[in-house]
Number of protein chains: 2
Amino acid sequence: MAKPNTPITEHLAYLLAQANREINRQLELRLSKEGVPVEQWRILKVLSDGNGHSMGELADAVLLNHPTLTKMIDRMVSDTLVYRVQDPNDRRKVLMFISDRGKVLSKKLNSLAVDQEEHILESYGDKSTSELKRLLESLIDSSN
Amino acid sequence: MAKPNTPITEHLAYLLAQANREINRQLELRLSKEGVPVEQWRILKVLSDGNGHSMGELADAVLLNHPTLTKMIDRMVSDTLVYRVQDPNDRRKVLMFISDRGKVLSKKLNSLAVDQEEHILESYGDKSTSELKRLLESLIDSSN
DNA sequence: TTGAAAATATTGAATATTCAACAATTGAAG
DNA sequence: CTTCAATTGTTGAATATTCAATATTTTCAA
């Protein structure tokens, strides 16, 4: 009467980690053509609305915690992809903006990312993809 | 005629990262009751079949790369949760085994993890959960 | 208005991860 | 058999992340 404990591969937490790892790896591979980590793509994408975004807001949006974001932004400022402006309405805040160079890079990265999405659509299917997205959104919602 | 680029929140890669982060955070919170990181739960769970698993096999199973696993196993050996045995059939390999202490801990961790799964089932729904799992498995399959 | 608490971002030290090189063993071709 | 390439795991240095502490500014209650 051995107890056949639930295998790890049946845990939602594990399946999510596994799928995330794989998809992220693929995306990483594409973006490496431009020598850019996934997080920087996210940052540029969020900033490419042209508006200023505070560090806190950005950290939430790109799934990084504050100190990690600060250091990554330091690098991106060195690369003149983004720049800091003190928020005039709340001087505790820093508003981040994308530079022209950042916009150019962002476009290239977007097309690489879109490439990947299309590749997934092909091998995984249109129906499954949109259904999966829907379920993920709803899971995220239900976790707040 | 501004181009409304796909928002990042619509990319599968982003949704997966977000969902994974959130679910992982919740699991982490539970496991912290025993002071154990998620990766160690995975390791113990895989080893709790009682069989020896090589480092390479284990690294794949628990989603860690080799050097990271080696160092985490070093810690777990210090804590006498697992132990190394040289594979007699292939002396390049090391077989990892779970200790009695590891088994005891593993059971506690499992019940914490099951707690979480039940919590998700409640707030997210039985139907959605199993459907999400099915889709994730199929996505992972299609990525090989 | 003042002073304490909260919010925001950064820093430096501690910790963890990754990359490249290495050592040991096995496999396999000649 | 012997040698060379491939496999497996570990190590140390370089890099990245995290935690706790800090500085600054704002908020708000007294």
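Lettering follows sequence order; numbering is per chain, from 1. Side chains included, hydrogens not; waters and symmetry mates left out as well; all remaining heavy atoms used.
Whole-Å rounding puts the L58(B) CG to dG9(D) P distance at 10 Å. For the pair Q86(B) CD and dT7(D) P, the computed distance is 20 Å after rounding to whole Å. Taking atom CE of M96(A) as the reference point, atom C1' of dT10(C) lies 13 Å away to the nearest angstrom. For the pair E28(A) CD and dT17(C) C1', the interatomic distance rounds to 13 Å; values are reported in whole Å. Rounded to whole Å, the distance from CG on L69(A) to P on dT10(C) is 8 Å. Nucleotide dA16(C) holds its P atom 14 Å from the CE atom of M76(B), rounded to whole Å. Rounded to an integer number of Å, the gap from CG of N89(A) to P of dT8(C) is 14 Å. Taking atom CG of N65(B) as the reference point, atom P of dA20(C) lies 12 Å away to the nearest angstrom.
Among the nucleotides dT10(C), dT17(C), dA16(D), the one closest to any side-chain atom of M72(B) is dT17(C). In the set dG9(D), dA16(D), dT26(C), dT26(C) carries the atom at the smallest distance from any side-chain atom of D90(B).
For the pair V94(B) and D87(A), nearest-nucleotide mapping onto DNA chain D gives the more 5' position to V94(B).
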Every protein N/O within reach of nucleotides 11-15 of chain C N/O, cut-off under 3.5 Å:
{"residue": "dG12(C)", "atom": "O6", "partner": "K71(A)", "partner atom": "NZ", "Å": "2.8"}

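By the 4.5 Å heavy-atom criterion applied to side chains, L132(B) and L132(A) are counted as neighbours. Using a 4.5 Å cut-off on side-chain heavy atoms (C-beta onward), E39(A) and V62(A) make no contact.
Taking 3.5 Å as the limit, the base of dT7(D) and the side chain of R92(B) contain a donor-acceptor pair of atoms between them.
The pair R25(B)-E28(B) does not meet the salt-bridge criterion, since no charged nitrogen lies less than 4.0 angstrom from a carboxylate oxygen. In this structure, E137(B) does not pair ionically with R134(B), as no charged nitrogen and carboxylate oxygen lie closer than 4.0 Å.
Open room surrounds CG on D126(B); 12 or fewer heavy atoms of other groups in view lie less than 6.0 Å from it.
Side-chain N/O atoms of S54(B) include one lying less than 4.0 angstrom from OP1 or OP2 on dG9(D). Residue R91(B) has no polar side-chain atom (N or O) positioned under 4.0 Å from OP1 or OP2 of dG9(D).
For residues 114-123 of chain A, every residue pair satisfying the side-chain hydrogen bond (donor to acceptor under 3.5 Å, both in side chains) rule, not counting sequence neighbours, is listed here: E117(A)-K133(A), E117(A)-H11(B).
D141(B) and S138(B) share no donor-acceptor pair across their side chains, judged by distance under 3.5 Å alone.
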